[in-house]
Number of protein chains: 2
Amino acid sequence: MPASKRDQLLATAERLFYDQGFHATGIDRIVTAAGVVRMTLYNHFASKEALVMAVLKARHERFMASLDTAAAAASPGQATLALVEAHGHWLEQYSQHGCIMAQAMGEYAEHSAEIHALATAAKTDLLARLETAVARDGLDHHTRLARRLFLMLEGSNTAVAVLGAEVALADTRAAADALLSAAWSETP
Amino acid sequence: MPASKRDQLLATAERLFYDQGFHATGIDRIVTAAGVVRMTLYNHFASKEALVMAVLKARHERFMASLDTAAAAASPGQATLALVEAHGHWLEQYSQHGCIMAQAMGEYAEHSAEIHALATAAKTDLLARLETAVARDGLDHHTRLARRLFLMLEGSNTAVAVLGAEVALADTRAAADALLSAAWSETP
DNA sequence: TTTTATTTAGATAGATCGGTCTATACAGGA
DNA sequence: TCCTGTATAGACCGATCTATCTAAATAAAA
């Protein structure tokens, strides 16, 4: 069965928002690219802001699901590295030129508290998953370590855009390994 | 002496672009906030795109100068950490809710190759400074290590926006220390 | 077949966008 | 004093923005 008009709109808007930016992408371009008429969009979404919210929410849920799947499938003691790998895989597939949540935070910081809060929550959700994984792997100082890994993964968003996925993700993996090793030997 | 109209425009535009985003900030708002008339802007800058370029260029030069000053004043063997400190200091002062260059890359990736290239060059300039410092400090594998530190510093841009400057910068410092220690003990 | 919900087409609204134009005012330096 | 460069005020342009409205077409469910 073909995707619903609503799903077509979500997928098209996500692509355009990510490639062109939020404010630079007009309603007309979205509906044209989705092969749909303007009223169909406003039938499914109350406003452009509501559309942005729905796009980010759906994308975030997909991202979290891929993290959770990877963590659940990891061998004992390997949950943290599995998250790092899953994050890298996501960047390779869907996020080659920067993080859409960071972009949304910047574009809507003073224009929509709702969108800004959603994007911020997406970041803290990732941090929370890291904390859970680090704790599950039996590593000490798990909050501190999780925050350091968070720094790395956030940095890899930009690094992929600047240096390319191959180089950036290899660096991220190696740096994560170094942080994890250092965590064992470091004095508390 | 009061700042020139041109400088007023640059400072005002920088603030508005950073706080509200590039596309979401109109020419009218800039000139009004700068206390200047519309034609004065177009007398000094050929277009909005040229204004964005000038703003980013000036900001980047200020940033680079602060890095170079810090590196030059560092004790022998401490240039790398001095750069990390200087970067953190910059975030505290001027970049509390995300990196304006990353924002520009996102907003202009498909709208202005010139702006996108400038923002990308800003990132590679930071990476180059890190490489120089790491080499000057006599650390091995300096390219690889510099790229890992680059990841950290890029991550701290987002981390400051999400977790606040205090927490994020403490983590960044600690993680950089850990990476530097690990660099000594790691097998090539 | 009738009802109900969805989609289409297209006109329309008012605001704002980046950018241009002209005429006027006002400096400081020659 | 005159001249040159800069700033002001404000009208103006066409394009685009988000959003709404109506009327007709379409399809699936009852």
Side-chain angles (χ1 to χ4, degrees), chain A residues 1-56 103-104 106-116 118, chain B residues 1-56 103-104 106-116 118:
Chain A
M1 52 184 166
S4 71
K5 303 282 178 185
R6 194 188 133 97
D7 288 345
Q8 288 175 40
L9 280 166
L10 280 174
T12 305
E14 181 176 342
R15 175 173 56 83
L16 291 175
F17 285 151
Y18 183 60
D19 289 342
Q20 324 246 9
F22 295 93
H23 285 89
T25 302
I27 296 291
D28 272 327
R29 275 219 285 284
I30 296 172
V31 296
T32 299
V36 151
V37 100
R38 197 210 309 282
M39 270 312 294
T40 302
L41 189 154
Y42 283 104
N43 185 24
H44 287 290
F45 306 97
S47 62
K48 183 184 182 181
E49 190 178 325
L51 174 63
V52 172
M53 287 283 294
V55 164
L56 295 181
Q103 197 67 25
E107 289 202 40
Y108 288 103
E110 306 221 341
H111 289 89
S112 166
E114 222 179 340
I115 295 176
H116 186 266
L118 188 151
Chain B
M1 54 182 168
S4 72
K5 303 282 178 185
R6 195 189 132 97
D7 289 344
Q8 288 175 40
L9 280 166
L10 280 175
T12 305
E14 181 176 342
R15 176 172 55 83
L16 291 176
F17 285 152
Y18 183 59
D19 289 343
Q20 326 245 7
F22 295 93
H23 285 89
T25 302
I27 297 291
D28 272 326
R29 274 220 285 284
I30 296 172
V31 296
T32 300
V36 153
V37 99
R38 190 187 198 71
M39 271 310 295
T40 301
L41 188 153
Y42 283 103
N43 185 25
H44 288 290
F45 307 96
S47 61
K48 183 182 181 181
E49 191 177 326
L51 174 63
V52 172
M53 287 284 293
V55 164
L56 294 182
Q103 196 67 25
E107 288 203 39
Y108 287 104
E110 306 220 341
H111 290 90
S112 167
E114 223 179 340
I115 295 176
H116 186 265
L118 188 151

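The figures here come from the full heavy-atom set of this structure, side chains too, leaving out hydrogens, waters and symmetry mates.
- As rounded to whole Å, 13 Å separates atom C1' of D:dT20 from atom CG of A:Asn43.
- Mapping A:Glu49 and B:Lys5 onto DNA chain D via the closest heavy atom, the residue that lands nearer the 5' end is B:Lys5.
- Using a 4.5 Å heavy-atom cutoff, the side chains of A:Ile30 and A:Leu41 are in contact.
- Atom-to-atom, OH of A:Tyr42 to P of D:dT18 comes out at 6 Å; the value is rounded to the nearest Å.
- If you check the side chains of A:Glu49 and A:Ser112, you find a donor sitting under 3.5 Å from an acceptor.
- In terms of phosphate contacts, B:His23 brings no side-chain nitrogen or oxygen within less than 4.0 Å of OP1 or OP2 of C:dG18.
- Positionally, the nearest nucleotide of DNA chain D for B:Gly35 lies more toward the 5' end than for the other of B:Gly35 and A:Ala46.
- Note on A:His44: every side-chain N or O is 4.0 Å or more away from OP1 and OP2 of C:dT6.
- Look at A:Thr40 and you'll find a side-chain N or O under 4.0 angstrom from OP1 or OP2 of C:dT8.
- Contact record, B:Arg6 with B:Phe45: NH1-CE2, 3.5 Å, taken as the closest heavy-atom pair.
- A:Phe17 places its CZ atom 12 Å from the C1' atom of D:dT18, with the value rounded to the nearest Å.
- We find that CE of A:Met39 is positioned 13 Å from C1' of C:dT12, with the value rounded to whole Å.
- Here the P atom of nucleotide D:dA19 and the CZ atom of A:Arg29 are 16 Å apart, to the nearest Å.
- Here C:dG19 presents its P atom at 11 Å from CD1 of B:Ile30, a figure rounded to the nearest Å.
- Side-chain atoms of B:Arg38 and base atoms of C:dG19 include a donor and an acceptor less than 3.5 Å apart.
- B:Gln103 CD to B:His23 NE2: the interatomic distance, rounded to the nearest 0.5 Å, is 11.0 Å.
- Of all nucleotides listed (D:dT8, C:dA9, D:dT18), D:dT8 comes nearest to the side chain of B:Val37.
- Protein atom CZ of B:Arg6 is 16 Å distant from nucleotide atom C1' of D:dA7, rounded to whole Å.
- For the atom pair CG of A:Leu56 and OH of A:Tyr18, the computed distance is 12.5 Å after rounding to the nearest 0.5 Å.
- Rounded to a whole Å, the CZ atom of A:Phe22 is 13 Å from the P atom of D:dT18.
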